[in-house]
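Note on naming: letters A, B, ... go to the chains in the order of the sequence lines (proteins, then strands), and numbering restarts at 1 for each one.
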Protein chains: 2
Amino acid sequence: MYAISEVAKLLSVSTHTLRYYEKEDIIIPNRNENKERVYTESHLNWLKFVMKLKETQMPIAQIREYARLFKEGEQTTQARLELLENHQISIQIQIENLLTTEKMLEDKIKAYKDFINNKI
Amino acid sequence: MYAISEVAKLLSVSTHTLRYYEKEDIIIPNRNENKERVYTESHLNWLKFVMKLKETQMPIAQIREYARLFKEGEQTTQARLELLENHQISIQIQIENLLTTEKMLEDKIKAYKDFINNKI
DNA sequence: ATAGTTGTTAGAGTTTACTCTAAGTCAAAT
DNA sequence: ATTTGACTTAGAGTAAACTCTAACAACTAT
């Protein structure tokens, strides 16, 4: 059980951002008697998952959509699967692009090094 | 030799964007007698390179910096090399992150499929 | 002649994802 | 008693990278 400030610290986000995600229906923590947000281990895991999706360029709107489907329950399993499969494809494309550019950079870097060392 | 609209079409960007990049000192095309922008093959290659950098998350400010160094000439070779090497590292980190998340997604996708097919 | 393309300056508008402020309440800790 | 941390609503501000508009000039093609 974590307070908002603890979660912020653990996941390196601001409390502002956590409240913002809540407003965007991405994480809805529990509340204690004083109406303070209480995040469980499972909220934390969900947030970590969300951050992975964000890191890999999934827009907030799509993350919200996944969260919404999740809340709707079992009948959305197929839709969630499709969403994740689409994101997997997006990730694969990103990796391809990065690899291509990395190769290009490697050549350029090599050329620069040759130039600096040997003035060919 | 390409007019702005041809470049826009070839590279799938708007003429607005091309003028914006020019204002940001990222590409400065030649001009003809009528002061119209004229892009050579080499401008096109530079633009393609720029788009690769953008695709791999290099901010405009850094691309501008690289372009500036380029214009300054040979004495900035070392600086340009360092900039590209830093970006290469950034690319490698991005690839690592993507691979990690892809593996995670693959597991989740598998779990969803199992659930759907066998209701385990 | 007129439609189309390009040019200019200057600035306004858009989108995404935060990020922060105000202004006030409430409960726990020192 | 007061500081601290949390809460609320409502909205303003920020940064990046476009994206578009206005309003008018100038050349090219039909």
Side-chain angles (χ1 to χ4, degrees), chain A residues 1-40 43-44 46-68 87 90 94 97 101, chain B residues 1-40 43-44 46-68 87 90 94 97 101:
Chain A
M1 307 289 247
Y2 305 90
I4 190 166
S5 59
E6 292 171 320
V7 176
K9 200 166 192 178
L10 280 169
L11 301 189
S12 305
V13 289
S14 68
T15 55
H16 285 304
T17 302
L18 289 171
R19 294 201 191 93
Y20 163 72
Y21 284 170
E22 188 170 342
K23 201 167 61 187
E24 294 292 315
D25 290 318
I26 286 174
I27 12 125
I28 316 289
N30 302 331
R31 298 289 177 133
N32 64 15
E33 337 76 55
N34 297 329
K35 308 207 172 175
E36 289 171 357
R37 290 169 180 81
V38 176
Y39 296 82
T40 66
H43 287 114
L44 227 64
W46 166 244
L47 271 170
K48 281 177 194 167
F49 179 58
V50 165
M51 288 169 82
K52 282 285 169 204
L53 295 179
K54 274 185 42 53
E55 256 176 36
T56 56
Q57 321 299 318
M58 188 185 281
I60 290 287
Q62 217 167 113
I63 297 175
R64 187 203 295 119
E65 169 70 1
Y66 185 75
R68 194 185 62 74
H87 189 55
S90 144
Q94 289 178 65
N97 283 338
T101 305
Chain B
M1 307 289 247
Y2 306 91
I4 191 166
S5 59
E6 293 172 319
V7 177
K9 201 164 190 181
L10 281 168
L11 302 189
S12 306
V13 289
S14 69
T15 56
H16 287 302
T17 302
L18 289 171
R19 294 200 191 92
Y20 163 72
Y21 284 172
E22 188 170 340
K23 202 167 61 187
E24 294 291 316
D25 289 319
I26 284 172
I27 12 122
I28 316 290
N30 301 332
R31 296 292 176 130
N32 65 14
E33 337 76 54
N34 298 330
K35 306 205 171 174
E36 289 170 359
R37 290 169 178 82
V38 175
Y39 297 82
T40 67
H43 287 114
L44 228 64
W46 167 243
L47 271 170
K48 282 178 193 164
F49 179 57
V50 164
M51 287 169 82
K52 282 284 168 203
L53 295 179
K54 273 185 41 53
E55 257 176 35
T56 55
Q57 321 298 322
M58 188 185 281
I60 290 288
Q62 217 166 113
I63 297 175
R64 188 204 294 119
E65 169 71 0
Y66 185 75
R68 194 185 61 73
H87 189 55
S90 144
Q94 289 178 65
N97 282 339
T101 305

*Asks:* Quick one: which of D:dA6, C:dG7, C:dT19 gets closest to the side chain of A:Ile4?
*Replies:* D:dA6
*Asks:* Under 4.0 Å between a side-chain N or O of A:Arg19 and OP1 or OP2 of D:dC7?
*Replies:* yes
*Asks:* Counting side-chain heavy atoms from CB outward, which of D:dC7, C:dG7, C:dA27 is closest to B:Glu36?
*Replies:* C:dG7
*Asks:* Rounded to the Å, how far apart are A:Lys23 NZ and C:dA17 C1'?
*Replies:* 11 Å
*Asks:* A:Lys54 has a side chain; which of D:dC18, C:dC18, C:dA28 sits nearest to it?
*Replies:* C:dC18
*Asks:* Take atom NE2 of A:His16 and atom P of D:dA10, then tell me their distance rounded to the nearest Å.
*Replies:* 18 Å
*Asks:* Among C:dG7, D:dT28, D:dC18, which is the nearest nucleotide to the side chain of B:Tyr21?
*Replies:* D:dC18
*Asks:* Minimum heavy-atom separation for A:Leu18 and A:Ile27, please, with both atom names.
*Replies:* O-CD1, 3.7 Å
*Asks:* OP1 or OP2 of C:dC18 versus the side-chain N and O atoms of A:Ser14: is any pair under 4.0 Å?
*Replies:* no
*Asks:* OP1 or OP2 of C:dT6 less than 4.0 angstrom from a side-chain nitrogen or oxygen of B:Ser5, does that happen here?
*Replies:* yes
*Asks:* To the nearest 0.5 Å, how far apart are CD1 in A:Ile63 and CH2 in A:Trp46?
*Replies:* 7.5 Å
*Asks:* Answer yes or no: is there a donor N or O on one side and an acceptor on the other, between the side chain of B:Arg31 and the main chain of B:Glu36, under 3.5 Å?
*Replies:* no
*Asks:* Which nucleotide, D:dT8, C:dG7, D:dT21, lies nearest any side-chain atom of B:Arg37?
*Replies:* C:dG7
*Asks:* Checking contacts here: which listed nucleotide (C:dA27, D:dA17, C:dC18) is nearest the side-chain heavy atoms of A:Thr17?
*Replies:* C:dC18
*Asks:* Let's see if you can work this out: which of C:dT6, C:dC18, D:dA17 has an atom nearest to the side-chain heavy atoms of A:Tyr20?
*Replies:* C:dC18
